[in-house]
Amino acid sequence: AQSVTQPDIHITVSEGASLELRCNYSYGATPYLFWYVQSPGQGLQLLLKYFSGDTLVQGIKGFEAEFKRSQSSFNLRKPSVHWSDAAEYFCAVGAWAGANNLFFGTGTRLTVIP
Amino acid sequence: ETGVTQTPRHLVMGMTNKKSLKCEQHLGHNAMYWYKQSAKKPLELMFVYNFKEQTENNSVPSRFSPECPNSSHLFLHLHTLQPEDSALYLCASSQEKTGQETQYFGPGTRLLVL
């Protein structure tokens with residue numbers, strides 16, 4: 001069965017520092033991987049996605065993520081964090097063949113300090 | 001108009017009330033979803049509609065009743081809810097062509113059951 005693990009519940013970084021949010025997945029076939037961000041009181045906004053091809057994918061707001069099949073990981077990175085990046089981040093894995101299902105991790109809350 | 005809208009944004013109801021949540025997508029998509037987001041838990045997929053037909057019902061209690069009158073509108077009818085049903089209810093939509101397409105989320109309805 002598919003599952004997603006985000007091992008860090010809460011991360012605090014200084015503004016301008018680099019960021020890496022971890023995501024590990026369990027899935028028997030080629031996964032479709034997503035990162036979403038949720039600001040307080042808001043829905044989920046897609047940051048980036050991986051379906052195939054280049055394993056380093058670029059997203060909005062300066063985020064990128066790298067798919068590493070050997071490690072079953074899809075970590076999210078940003079070289080320099082801005083205060084507006086404070087939010088909750090969700091990793092999700094999807095299945096092929098019309099299943100429509102996304103399996104989400106429990107999220108990582110990011111706090112940015114000045 | 002933004003892509004996926006939800007009304008109301010906040011709802012407080014007693015356990016004997018009947019209410020409905022509304023979702024509308026303006027993206028021309030053909031699939032719509034209801035998710036439940038509770039604190040410290042992964043997003044839970046509740047219902048999926050493809051081309052107005054319900055294709056998924058993840059063991060959701062019958063006190064939640066979905067309705068999809070057309071591909072742009074999705075409702076979630078609520079009756080005799082329990083306090084543990086208090087959560088953020090998110091609607092999403094996607095264009096299903098090849099089996100796994102990106103889901104776009106609305107801002108959610110924050111529900112409190114007293």
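In this text, all values refer to a predicted model and were calculated from it rather than measured experimentally. Naming: A, B, ... by sequence-line order, numbering from 1 per chain. Side-chain atoms are counted along with the backbone in the values below, which use heavy atoms only and exclude waters and symmetry mates.
Only the side chain of A:Gln38 comes within less than 4.5 Å of a heavy atom in chain B; its backbone stays farther off. Within the 4.5 angstrom heavy-atom criterion, atoms from both the backbone and the side chain of B:Leu43 approach chain A. At a 4.5 Å heavy-atom cutoff, the contact between A:Leu46 and chain B is made by side-chain atoms alone.
Contacts between residues 105-114 of chain A and chain B, defined by a heavy-atom separation under 4.5 Å, are made by A:Gly105, A:Thr106.
Counted by atom type alone, B:Tyr49 and B:Glu67 present zero donor-acceptor pairs between their side chains at under 3.5 Å.
Aromatic rings from A:Tyr36 and A:Phe90 are positioned such that their centres are separated by 6.0 Å or more. Ring centroids of A:Phe74 and A:Phe34 are separated by 6.0 Å or more, keeping the two rings apart. Between A:Tyr89 and A:Phe63, the ring center distance clears the sub-6.0 Å criterion. Two rings, from B:Tyr104 and B:His29, have their centers less than 6.0 Å apart.
Among A:Glu66, A:Glu64, A:Arg22, the single residue meeting the side chain to side chain contact (heavy atoms under 4.5 Å, CB included) criterion with A:Asn75 is A:Arg22.
With contacts defined as side-chain heavy-atom distances shorter than 4.5 Å, the pair B:Thr7/B:Thr109 does not qualify.
Checking side-chain atoms of A:Asp8 against main-chain N and O of A:Ile11 turns up no donor-acceptor pair under 3.5 Å.
Of the listed residues (A:Gln42, A:Gln45, A:Gln6), the greatest number of heavy-atom pairs within a distance under 4.5 Å of chain B belongs to A:Gln42. Listed options B:Gln6, B:Gln37, B:Arg110, B:Glu44 were ranked by heavy-atom pairs under 4.5 angstrom with chain A; first place goes to B:Gln37.
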